[in-house]
Amino acid sequence: GQQLNQSPQSMFIQEGEDVSMNCTSSSIFNTWLWYKQDPGEGPVLLIALYKAGELTSNGRLTAQFGITRKDSFLNISASIPSDVGIYFCAGPPKAAGNKLTFGGGTRVLVKP
Amino acid sequence: DAGVIQSPRHEVTEMGQEVTLRCKPISGHDYLFWYRQTMMRGLELLIYFNNNVPIDDSGMPEDRFSAKMPNASFSTLKIQPSEPRDSAVYFCATSDRGRSWETQYFGPGTRLLVL
């Protein structure tokens with residue numbers, strides 16, 4: 001089946017740092033979504049991207065829809081402790097009907 | 001808006017017992033999705049409804065799982081009989097086709113532990 005590969009799988013952040021993560025697919029996606037999941041909660045939608053090349057911001061978050069349609073990037077600027085959590089990319093594979101595929105997630109942790 | 005509401009938030013049961021998970025979608029949303037999340041398999045779609053009609057249940061693991069949506073404001077996911085391998089977090093998510101079915105809004109989840 002379709003797979004979305006996220007990297008890195010986990011990362012440590014220090015307050016004030018910029019953070020980057022990405023998501024790649026072997027096939028074309030027409031929509032890319034980025035979610036964040038806090039411990040004990042459901043995923044919360046951060047950004048939705050609908051056009052190749054699109055760059056969209058939501059506060060300190062910026063996401064881009066890759067021009068190949070096979071990847072997407074999420075950047076967090078000037079990270080703060082509440083940025084800790086798991087970030088998921090998701091998208092609907094072509095011909096999959098109204099179904100989303102989710103990546104395995106990037107776990108963001110605070111440096112001790 | 002109250003968001004997607006799920007109950008119970010936590011459920012501990014013994015193997016063989018019936019488990020019923022409940023979901024109230026965001027008002028006006030016509031898509032409803034049931035997901036299961038585990039460490040090993042991540043987020044998996046079990047079944048989804050459009051306008052209360054089940055559209056795709058290919059993700060339902062086996063006949064022990066069933067889901068219903070009797071009206072636009074309520075859905076259930078039932079496991080009978082439950083097994084330890086069913087232990088997971090079950091999420092309900094809803095979306096509005098008028099805006100974009102892809103932008104799904106998740107509930108807080110039900111954490112199920114089957115002993």
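When reading the values below, keep in mind they use all heavy atoms of this one structure, side chains included, and skip hydrogens, waters and symmetry mates. Bear in mind that the values here come from a model prediction, so they are computed numbers and not experimental data. Order of the sequence lines sets the chain letters (A, B, ...), proteins ahead of strands, with each chain counted from 1.
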Can you say whether [X] sits under 4.5 Å from chain A via the side chain, the backbone, both, or neither, judging by heavy atoms?
| X | result |
| --- | --- |
| R111(B) | side chain |
| E44(B) | neither |
| T110(B) | neither |

Within the side chain of S79(A), is there an N or O that forms a donor-acceptor pair under 3.5 Å with the backbone of Q14(A)? yes
Contact summary for N22(A) and T24(A), nearest pair of heavy atoms: OD1-CG2, 4.1 Å
Grab the two heavy atoms, one from T31(A) and one from P92(A), that are nearest each other, plus how far apart they are. O-CD, 3.4 Å
Among G91(A), A48(A), P43(A), which residue forms the greatest number of heavy-atom pairs with chain B at distances under 4.5 Å? P43(A)
To the nearest 0.5 Å, atom CG of L33(A) lies from atom OG1 of T103(B) at 7.0 Å
